[in-house]
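For reference, the structure discussed in these notes is given below.
Chain A is the first sequence line, chain B the second, and so forth, proteins listed ahead of strands; every chain is numbered from 1.
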2 protein chains.
Amino acid sequence: MTKNTRKEAPVLPLNTIMSGDCIEAMNSLPEGSVDLIFADPPYNLQLRGDLHRPDNSKVDAVDDSWDQFDSFKVYDDFTREWLAAARRLLKPNGAIWVIGSYHNVFRLGAELQNQGYWLLNDVVWRKSNPMPNFRGKRFTNAHETLIWASKNEGAKYTFNYEALKALNEGIQMRSDWVLPICNGGERLKNEDGDKAHPTQKPQSLLHRLLIATTNPGDVVLDPFFGTGTTGAVAKMLGRDYIGIEREEKYRKVAEKRLKSIRKFDSEALKVSTSKRAEPRVPFGQLVERGMLRPGEELSSLNGRHKAKVRADGTLVGNDVKGSIHQVGAHLEGAPSCNGWTYWTYKRDGQNVPIDLLRQQIRAEMN
Amino acid sequence: MTKNTRKEAPVLPLNTIMSGDCIEAMNSLPEGSVDLIFADPPYNLQLRGDLHRPDNSKVDAVDDSWDQFDSFKVYDDFTREWLAAARRLLKPNGAIWVIGSYHNVFRLGAELQNQGYWLLNDVVWRKSNPMPNFRGKRFTNAHETLIWASKNEGAKYTFNYEALKALNEGIQMRSDWVLPICNGGERLKNEDGDKAHPTQKPQSLLHRLLIATTNPGDVVLDPFFGTGTTGAVAKMLGRDYIGIEREEKYRKVAEKRLKSIRKFDSEALKVSTSKRAEPRVPFGQLVERGMLRPGEELSSLNGRHKAKVRADGTLVGNDVKGSIHQVGAHLEGAPSCNGWTYWTYKRDGQNVPIDLLRQQIRAEMN
DNA sequence: GAGTCTGATGAATCCATAC
DNA sequence: GGTATGGATTCATCAGACT
């Protein structure tokens, strides 16, 4: 064995729950190792007593000097730190989801932008059965906001467009999601019958989010794991998870929950894919294989233009030469054109799109 | 008459449109004189190149100079200044609404909090007819966010709870509002037929907002008046307005528009009370919500065919993949098929139509 | 006139790969 | 890394032409 002087990278603790402070825990993991982070951070008010000021003095919940300004300052410092630790962990094409309400989500979103995350969407979780506003002083607070962001501008983030479109019966998925809150049998209870966690998220929310922005085998990290909804859905869907949770009582509930989860069979985890994922077929191959003859005439779908096939797989039409796409774009005066769906050839008196021939070749490849 | 040595307060320019920079204009008005501010500031969209629809037509982007900022810092400085000027203008029990998208709304919300405004709700405007995502790279950006805040914590802001409940057919108004975007006859055009303003807001949105949070006779100020939707609805509803608009071309359109408006125009009521259609439930939601498991087998009602559920809400059966409707139609050799009544799942030894699950979801939504 | 078809358009941070 | 090119991608609504 050759001598290896590089520092050994720490191993990822896949499918386990780490304890302790999430910032320290994240900083102990190797840089650029996680595909997706889902984070449901605590809100402002719940942080009193849990947080330290920037100078490390503990914030006292009953301290009279606590005011609005201190409160935001401390929350922003906390947000900055954990978002930076999260960003370090992400692979270059990784992405993050954060969820919050109007109490904290504006600070989350602004800090994401400040750190160089690139916002992709804000998504509204529209609760189909929210708690009513009993005092009648405001609108029923019937939604929470999720922010989806890539690590950098221009990153090639994962988005399973076709699968989401399928989930929505053929119409592209919108930025507003109507889903019920977590209650009934899904809501975890303690022995005494109280709810095990105050803000347990519904599995349906994580299902949609993980189907949309991860692939089977991806690593999903949740720094505020709670009772482990992220891990549970990740496991069902064949993704690896890493949870971080500082409260032992939540870790215990999550451990038990995760043990009983089974992965769905992998056939069911395959999702609809787009044409982009199909192998590329050069048009010239249709000519080489004799599916189209050199000299044969193609017509545009709208019938307005014609062009002739040449032996090298280019077209000539109306003084223009070039690829099926270039000639189509030129004839239509369009910025671009998909030649596969634009051109047709004649068989048995019918005009058939040449894309049919490409599909034949692709079918043979499988 | 007794001698009055106090400085004469400037008179409020009610029901007029001021020109010039909105910060200077606001600072020229008397402190604590306005009941409500509605502000639709530039969003700071950071658009890169051109965008074409699949039919090759070009999207008319918002690329006006007034939406260009060099950095977040410049945008934040601008936001801080106009929000401070606005806060000075508000009466002690006054309130503000701001609207934005994910590009800017997090910065707006954070700065509102920083200045001591007290957030009351964030309200989601869910557009019933948004522009689609043409490249299939993100979720359809189908909503914008409004933030409603009082001048201070503890202020006695106006909220017409009962009026809102009546507008919503007797049900408490929620924080998500489904309203169409502004198009058709309501959309103001120039002589050449082009839209007069790239981001005209619908009257229905302002109608709901003013009914909810102002009383007749209140003074409503809009520092980014544009073509004057705020003024138009305020006038209809018997509120006084003050508009501020920098661009002469928009002021001219707004002046003309406002002249033709009559108080208590019944048209305004009509647009705001559009009926809700029966909600569409995508089959995928049964999977997300755990009512059916990925991998679970469905049987056709006639018992002749079977298919398996996938995680994205599609079915696989006999080499066919697709929606519940597509797979059903294919297996029956029929041109179409209602998958909801065709497929059944097994519970307690019984075959139950999946439509039962859809009915369950619809019941929860009402 | 009623129904049908075609075209236009809306606050948009909207491509991937090979050379 | 920049450049060139293949080729993938849309929903609701309204106006106006056409049957």
Side-chain angles (χ1 to χ4, degrees), chain A residues 113 117-122 148-150 153-157 159 161-162 165 168 170-175 273-284 302 313-314 322-329 334-343 354-355 358, chain B residues 40-64 66-69 72 99-105 125 127-145 180-187 189 193-195 197-202 224 226 277:
Chain A
Q113 291 180 310
Y117 285 100
W118 192 246
L119 302 196
L120 298 167
N121 275 117
D122 61 335
W148 175 40
S150 61
E153 180 179 2
K156 288 181 191 146
Y157 54 89
F159 183 56
Y161 176 75
E162 290 293 337
K165 197 170 166 178
N168 199 31
I171 296 166
Q172 64 178 208
M173 187 71 79
R174 302 167 34 119
S175 59
T273 54
S274 76
K275 276 199 204 166
R276 278 189 270 253
E278 303 274 322
R280 208 169 78 85
V281 176
F283 175 72
N302 57 26
T314 56
S323 70
I324 51 173
H325 316 294
Q326 288 167 331
V327 175
S336 71
C337 170
N338 183 345
W340 290 108
T341 52
Y342 179 76
W343 294 108
I354 59 173
D355 201 31
R358 181 170 66 160
Chain B
D40 182 11
Y43 285 11
N44 189 23
L45 300 184
Q46 298 160 53
L47 305 179
R48 300 303 191 230
D50 287 346
L51 179 64
H52 292 90
R53 298 185 178 80
D55 66 2
N56 273 324
S57 62
K58 192 174 159 211
V59 173
D60 184 15
V62 178
D63 52 5
D64 307 71
W66 49 256
D67 199 46
Q68 309 294 325
F69 295 83
F72 282 135
I99 182 168
S101 66
Y102 67 87
H103 310 86
N104 70 325
V105 77
W125 169 26
K127 303 180 185 183
S128 55
N129 48 350
M131 181 153 66
N133 186 288
F134 295 115
R135 302 299 292 262
K137 301 310 291 182
R138 302 183 180 191
F139 299 99
T140 309
N141 198 357
H143 74 276
E144 293 187 28
T145 302
I181 61 175
C182 180
N183 60 10
E186 191 188 325
R187 189 88 194 200
K189 302 276 165 59
D194 288 347
K195 55 191 174 192
H197 193 283
T199 70
Q200 188 184 340
K201 294 289 173 291
F224 306 98

**Any donor-acceptor N/O pair under 3.5 Å between C:dT13 base and B:Arg138 side chain** = yes
**Asked** Can you tell me which stems DNA chain C forms when a stem means 3 or more consecutive Watson-Crick or G-U pairs under 3.5 Å?
**Response** C:2-10 with D:11-19, C:15-19 with D:2-6
**Prompt:** C:dA12 C1' sits how many Å from B:Lys127 NZ, rounded?
**Reply:** 10 Å
**Item:** A:Asp355 CG - D:dG6 P separation (whole Å)
**Value:** 16 Å
**Request:** Mind checking ring pair (Phe, Tyr, Trp, His ring centres under 6.0 Å) for B:His103 and listing every partner two or more places apart, or none if nothing turns up?
**Result:** none
**Complete:** With the side chain defined as heavy atoms from C-beta on, B:Glu144 is closest, among C:dG10, C:dA11, D:dG7, to C:dA11
**Prompt:** What distance, rounded to whole Å, do you find between the two C1' atoms, one in D:dG16 and one in C:dG1?
**Reply:** 16 Å
**Asked** Taking B:Leu51 as the fixed residue, which of B:Lys58, B:Arg135, B:Met131 is the one that meets the side-chain contact (heavy atoms from CB on, under 4.5 Å) rule?
**Response** B:Arg135
**Message:** I want to confirm an ordering. Mapping A:Val281 and A:Ile171 to their closest nucleotides on DNA chain D, which one lands closer to the 5' end?
**Reply:** A:Val281
**Request:** State whether A:Lys275 places a side-chain N or O below 4.0 Å from either non-bridging phosphate oxygen (OP1 or OP2) of D:dG7.
**Result:** no
**Asked** With centres under 5.5 Å and planes under 30° as the test, does A:Trp118 stack with C:dT13?
**Response** yes
**Prompt:** With sugar-phosphate meaning primed atoms plus P, OP1 and OP2, does B:Pro202 contact a base, only sugar-phosphate, or nothing at under 4.0 Å between heavy atoms?
**Reply:** nothing
**Request:** Please measure how far the P atom in C:dC14 lies from the corresponding atom in D:dG7, and state the result in whole Å.
**Result:** 23 Å
**Asked** Would one find a side-chain N or O of B:Lys201 under 4.0 angstrom from OP1 or OP2 of C:dA11?
**Response** no
**Donor-acceptor under 3.5 Å (B:Asn141 side chain, B:Asn133 main chain)** = no
**Request:** Could you check whether B:Asp60 gets within reach of a base, just the sugar-phosphate, or nothing at all, counting any heavy atom under 4.0 Å?
**Result:** sugar-phosphate
Look for any protein N or O under 3.5 Å of an N or O in nucleotides 17-19 of chain C and output each such pair with its distance, or none.
none

**Request:** Identify whether any heavy atom of B:Asp40 sits under 4.0 Å from a base atom; if not, whether one sits that close to sugar-phosphate; answer base, sugar-phosphate or nothing.
**Result:** base
**Message:** Rounded to whole Å, please give me the gap between CG in A:Asn338 and C1' in D:dT5.
**Reply:** 13 Å
**Interatomic distance at C1', C:dT9 relative to D:dT10, whole Å** = 12 Å
**Message:** Is it the case that the side chain of B:Thr140 and the backbone of B:Pro132 share a donor-acceptor pair, with hydrogens and angles ignored and the cut-off at 3.5 Å?
**Reply:** no
**Request:** Could you tell me whether B:Gln200 contacts a base, only the sugar-phosphate backbone, or nothing, with contacts defined as non-hydrogen atoms closer than 4.0 Å?
**Result:** nothing
**Message:** With rounding to the closest Å, how many angstrom separate the C1' atoms on C:dA11 and D:dA8?
**Reply:** 25 Å
**Message:** What's the closest nucleotide to the side chain of B:Tyr43 if the choices are C:dT13, C:dA11, C:dT9?
**Reply:** C:dA11
**Request:** Kindly indicate whether the side chain of B:Trp125, heavy atoms from C-beta on, has any atom under 4.5 Å from the side chain of B:Ile181.
**Result:** yes
**Fill in**
Taken to the nearest 0.5 Å, the spacing of B:Phe72 CZ from B:Gln46 CD works out to 5.0 Å
**Asked** OH/B:Tyr102 to CG/A:Leu119 distance, rounded to the nearest 0.5 angstrom?
**Response** 7.5 Å
**Message:** Tell me whether the side-chain N/O atoms of A:His325 come closer than 4.0 Å to OP1 or OP2 in D:dG7.
**Reply:** yes
**Prompt:** Which part of the nucleic acid, if any, lies within reach of B:Pro130 when heavy atoms closer than 4.0 Å are counted: base, sugar-phosphate only, or nothing?
**Reply:** base
**Request:** Round to the nearest Å and state the distance from A:Glu153 atom CD to C:dC15 atom P.
**Result:** 11 Å
**Asked** What's the OH-C1' distance between B:Tyr102 and C:dA12, to the nearest Å?
**Response** 7 Å
**Request:** Determine the interatomic distance between P on D:dT9 and the same-named atom on C:dT17; round to the nearest Å.
**Result:** 13 Å
**Prompt:** Which glycosidic conformation, syn or anti, is assigned to D:dT9 if syn requires a torsion within 90° of zero?
**Reply:** anti
**Asked** Rounding to a whole Å, what distance do you find between A:Leu120:CG and C:dA12:C1'?
**Response** 13 Å
**C1' spacing across the pair D:dG1 / C:dA16, given as an integer number of angstrom** = 16 Å
**Item:** A:Thr273 side, atom OG1; A:Glu278 side, atom CD - distance, nearest 0.5 Å
**Value:** 6.0 Å
**Asked** Would you say a side-chain N or O of B:Lys137 is under 4.0 Å from OP1 or OP2 of C:dT13?
**Response** no
**Item:** Whole angstrom value for the distance that separates P of D:dA8 from CG of B:Asp55
**Value:** 17 Å
**Message:** Counting only side-chain nitrogens and oxygens, does A:Tyr161 get under 4.0 Å of the OP1 or OP2 atom of D:dT9?
**Reply:** no
**Request:** Mind checking B:Asn141 for me? I need base, sugar-phosphate or nothing, with any heavy atom below 4.0 Å counting as a touch.
**Result:** sugar-phosphate
**Fill in**
Comparing B:Arg135 with B:Trp125, nearest DNA chain C nucleotide closer to 5' gives the residue B:Trp125
**Asked** At their closest point, which heavy atom of B:Asp64 faces which heavy atom of B:Pro198, and how far apart are they?
**Response** OD1-CG, 3.7 Å
**Request:** First locate atom CZ of B:Phe69, then atom CG of B:Leu45, and finally report the distance between them rounded to the nearest 0.5 Å.
**Result:** 10.5 Å
**Prompt:** Base, sugar-phosphate alone, or nothing: which one does A:Gln172 contact when heavy atoms must sit under 4.0 Å apart?
**Reply:** sugar-phosphate
**Request:** Name all residues meeting the ring pair (Phe, Tyr, Trp, His ring centres under 6.0 Å) criterion together with B:Tyr43; count only those two or more places apart in sequence or in a different chain, and write none if there are none.
**Result:** none
**Prompt:** Roughly how many Å is it from NE2 in B:His52 to C1' in C:dT9, rounded to a whole number?
**Reply:** 14 Å
**Prompt:** So how far is it from B:Leu47 CG to B:Asp67 CG, rounded to the nearest 0.5 Å?
**Reply:** 7.5 Å
**Message:** So, taking the atom named NZ in B:Lys195 and the one named CG in B:Asp60, what distance separates them when rounded to the nearest 0.5 Å?
**Reply:** 4.0 Å
**Message:** Using a heavy-atom cut-off of 4.0 Å across all strands, would you classify A:Cys337 as base, sugar-phosphate, or nothing?
**Reply:** base
**Asked** Ion pair present between B:Lys127 and B:Glu144, side-chain N to carboxylate O less than 4.0 angstrom?
**Response** yes
**Prompt:** Are the side chain of A:Gln326 and the backbone N or O of A:Thr314 linked by a donor-acceptor pair below 3.5 Å?
**Reply:** no
**Pairwise P distance for D:dG6 and C:dT13, with rounding to whole Å** = 29 Å
**Request:** Under 4.0 Å between any heavy atoms, over every strand shown, what does B:Gly49 touch: base, sugar-phosphate, or nothing? Just pick one.
**Result:** base
**Message:** Under 4.0 Å, counting only non-hydrogen atoms across every strand here, what does A:Ser336 touch: a base, just sugar-phosphate, or nothing?
**Reply:** base
**Request:** Tell me whether the OP1 or OP2 atom of C:dA11 has a side-chain N or O from B:Ser101 closer than 4.0 Å.
**Result:** no
**Request:** Applying ring pair (Phe, Tyr, Trp, His ring centres under 6.0 Å), name anything that partners A:Trp148, two or more places apart in sequence or on another chain.
**Result:** A:Trp97, A:Tyr157, A:Phe159, B:Phe139
**Message:** Heavy atoms only, 4.0 Å cut-off, all strands: where does A:Ser323 land among base, sugar-phosphate and nothing?
**Reply:** sugar-phosphate
Can you give me the N/O atom pairs linking the protein to nucleotides 13-19 of chain D at distances under 3.5 Å, or say none if there are none?
none

**Message:** Less than 4.0 angstrom between a side-chain N/O of A:Arg358 and OP1 or OP2 of D:dA8, yes or no?
**Reply:** yes
